[in-house]
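When reading the values below, keep in mind they use all heavy atoms of this one structure, side chains included, and skip hydrogens, waters and symmetry mates.
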Amino acid sequence: MGESTVGVGIIGVSPVWGWAAVAHIPALQALPNYEIRAISGRSDESVRAAGDAFGIKTVFSDHEELVAQRDIDLVTVTVKAPQHRELVSAALAAGKAVYCEWPLGRDLDDAKEMAALADQTGIRTAVGLQARQAPAIEFVRDLLNNGYVGEVLSTTLIGTSIPGDVVVRPNAYMLDKTNGANVLTIAVGHSLDTLNHVLGEFADLSAVTELRRPLITIKEDREQITKTSPDQIAVIGTLRSGVVASLHVREAVAGGVGFLWEINGTDGTLRITADSAYPEIYPLTVAGARGRNDLVELAIPAALIEKWPALTSLEGAPAYNVGRAYAEFAADIVNGTHTVPDFADAVRRHEVIEAIERSAASGERVKA
């Protein structure tokens, strides 16, 4: 892939539901250097309907046919996590660059296998940890690099995933811990990736995970399902820099703070807030204070917001940061840079999640 238009094939497109329809397709259609050339779905009927809905003529019900298309440069995988390894492996074997949604795999072993395959082939990859590309997060990094808080001493993050005890049917699979997509990997995973991207990696940590509300109601038919994935995740640890970090993400509670992240230093404080513990989706607000002054909202520089003008109409929508990730990925390919997280970065995040699980199971502090 060079400076010409990147041909994209998306695996996992539904005409009525799904992250591809909500985020990937609007993002790609807004960017002039990308073109969606094919999609695949679960059935002939469904994928034809999706093609009609999004104006995409080439559709397949078999992903192998999609990855074999010569005009496809990049394959985007947006299906449920348990299927990622099979589909990503097929795309890499066909010599295609891959953008895979997060979590990369069902578990750490899955992620390592895909990263090793990508490394062996030398093919560029990206993973959907797009909060890194949010203008607010770029702004926070700039503020820290310019000494706004002085030396960072500690950081605290608290958030709420999905409140209440009702979920829609398409999200019911996330109630099963073995599927690898749950509050730990998604709400905590995205939040942790943002924290670690800004402040650095964990050296060690202690964690508590508990399932406090095991019965969940399906919205459409009021069926009650027994949940196996924890809905309370609490982590405290030390970053490699010496910063003390704590995080608590809750699910199935009645309400509470959506997302609040404080960074405390010798000379000041930064506070990043949003409506939910999904910093990759929800708009973020940045407030700051120098010394012991009151916190005030800090305007995100227009240059960061307007970095990719083609995406202006998507600001505030789920597609916005996904679009910024695609724009940066194309620039990475042209410039030989690495600003968008790839499969190796995803493995690191899976390692931290695995450390949280080990600590919670053993009751001990563990290396991360």
Side-chain angles (χ1 to χ4, degrees), residues 129 131-161 163 187-208 232-251 253-307 315-316 320-321 324 352 356 359 365 368:
L129 290 167
R132 298 189 186 200
Q133 272 65 53
I137 299 306
E138 294 185 2
F139 182 38
V140 168
R141 282 169 59 93
D142 288 345
L143 288 169
L144 293 173
N145 289 336
N146 291 325
Y148 187 91
V149 306
E151 180 187 359
V152 178
L153 301 176
S154 64
T155 188
T156 302
L157 190 155
I158 185 169
T160 302
S161 177
V188 173
H190 280 285
S191 297
L192 272 178
D193 186 69
T194 309
L195 186 155
N196 292 142
H197 174 61
V198 172
L199 297 176
E201 295 292 339
F202 277 97
D204 50 51
L205 58 83
S206 297
V208 174
Q232 297 280 335
I233 315 289
V235 181
I236 187 165
T238 306
L239 305 186
R240 293 172 184 171
S241 61
V243 170
V244 175
S246 65
L247 173 147
H248 183 193
V249 174
R250 304 78 51 91
E251 187 172 81
V253 292
V257 173
F259 180 86
L260 189 154
W261 175 25
E262 264 194 12
I263 301 171
N264 308 104
T266 54
D267 301 332
T269 303
L270 287 171
R271 180 180 292 173
I272 303 96
T273 55
D275 289 340
S276 185
Y278 298 98
E280 77 282 12
I281 297 176
Y282 287 84
L284 300 165
T285 300
V286 180
R290 303 301 300 275
R292 297 177 64 83
N293 293 320
D294 292 338
L295 286 159
V296 295
E297 185 173 341
L298 305 177
I300 300 171
L304 292 177
I305 297 171
E306 298 165 3
K307 185 176 183 180
E315 188 177 351
Y320 184 57
N321 289 331
R324 290 175 67 90
V352 176
I356 291 170
S359 176
R365 193 177 185 94

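- Annotation for Ser161 and Tyr278: closest pair OG-OH, 2.5 Å, computed over non-hydrogen atoms.
- Side chains of Ile158 and Leu260 form a contact here, defined as non-hydrogen atoms less than 4.5 Å apart.
- Atoms CD1 and OG1, from Ile272 and Thr285 in turn, are 10.5 Å apart once rounded to the nearest 0.5 Å.
- Taken from OG1 in Thr269 to CD in Glu262, the straight-line distance is 6.0 Å, to the nearest 0.5 Å.
- Atom CD1 in Ile236 sits 10.5 Å away from atom CG in Leu205 (nearest 0.5 Å).
- You'll find the side chain of Phe139 stays beyond 4.5 Å of the side chain of Leu284, heavy atoms only.
- Although no hydrogens or angles enter the test, the distance criterion places no donor-acceptor pair under 3.5 Å between the side chain of Ser359 and the main chain of Arg365.
- Under a 3.5 Å cut-off, the side chain of Arg141 and the backbone N or O of His197 do form a donor-acceptor pair.
- Pro163 approaches Ala254 most closely through the heavy-atom pair CB-O, 4.1 Å.
- Side chains of His190 and Leu129 form a contact here, defined as non-hydrogen atoms less than 4.5 Å apart.
- For the pair Asn196 and Leu239, the minimum side-chain heavy-atom distance is below 4.5 Å.
- Checking side-chain atoms of Thr266 against main-chain N and O of Glu151 turns up a donor-acceptor pair under 3.5 Å.
- Note that CG of Leu195 is 9.5 Å distant from CD of Glu201, once rounded to the nearest 0.5 Å.
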Worked check of side chain to side chain contact (heavy atoms under 4.5 Å, CB included) between Leu157 and Leu247: CA-CA 5 Å; Leu157 190 155; Leu247 173 147; 4.0 Å; yes
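- Residues Asn321 and Ala134 share a closest heavy-atom pair of OD1-CA, 3.3 Å.
- Between Leu270 and Leu298, the shortest heavy-atom distance links the atoms CD2-CD1, 4.0 Å.
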Derivation and outcome, side chain to side chain contact (heavy atoms under 4.5 Å, CB included), residues Leu192 and Ile356: CA-CA 11 Å; Leu192 272 178; Ile356 291 170; 3.6 Å; yes
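- What you find for Ala277 and Ser191 is that their closest heavy atoms are O-OG, 3.6 Å.
- Residue Tyr282 qualifies as open at atom OH: its count of foreign heavy atoms under 6.0 Å is 12 or below.
- Counting only distance, with no hydrogens or angles, the side chain of Arg271 and the backbone of Ala289 share no donor-acceptor pair below 3.5 Å.
- Here the CZ atom belonging to Phe259 is positioned 11.5 Å from the CG atom belonging to Asp275, to the nearest 0.5 angstrom.
- Note that CD of Glu138 is 10.5 Å distant from CD1 of Ile305, once rounded to the nearest 0.5 Å.
- Within the 4.5 Å cutoff, the side chain of Gln232 has heavy atoms near those of the Val253 side chain.
- A distance-only check finds no donor-acceptor pair linking the side chain of Ser246 to the backbone of Val235 [under 3.5 Å].
- The two atoms that bring Arg250 and Gly159 nearest to each other are NE-O, 2.7 Å, heavy atoms only.
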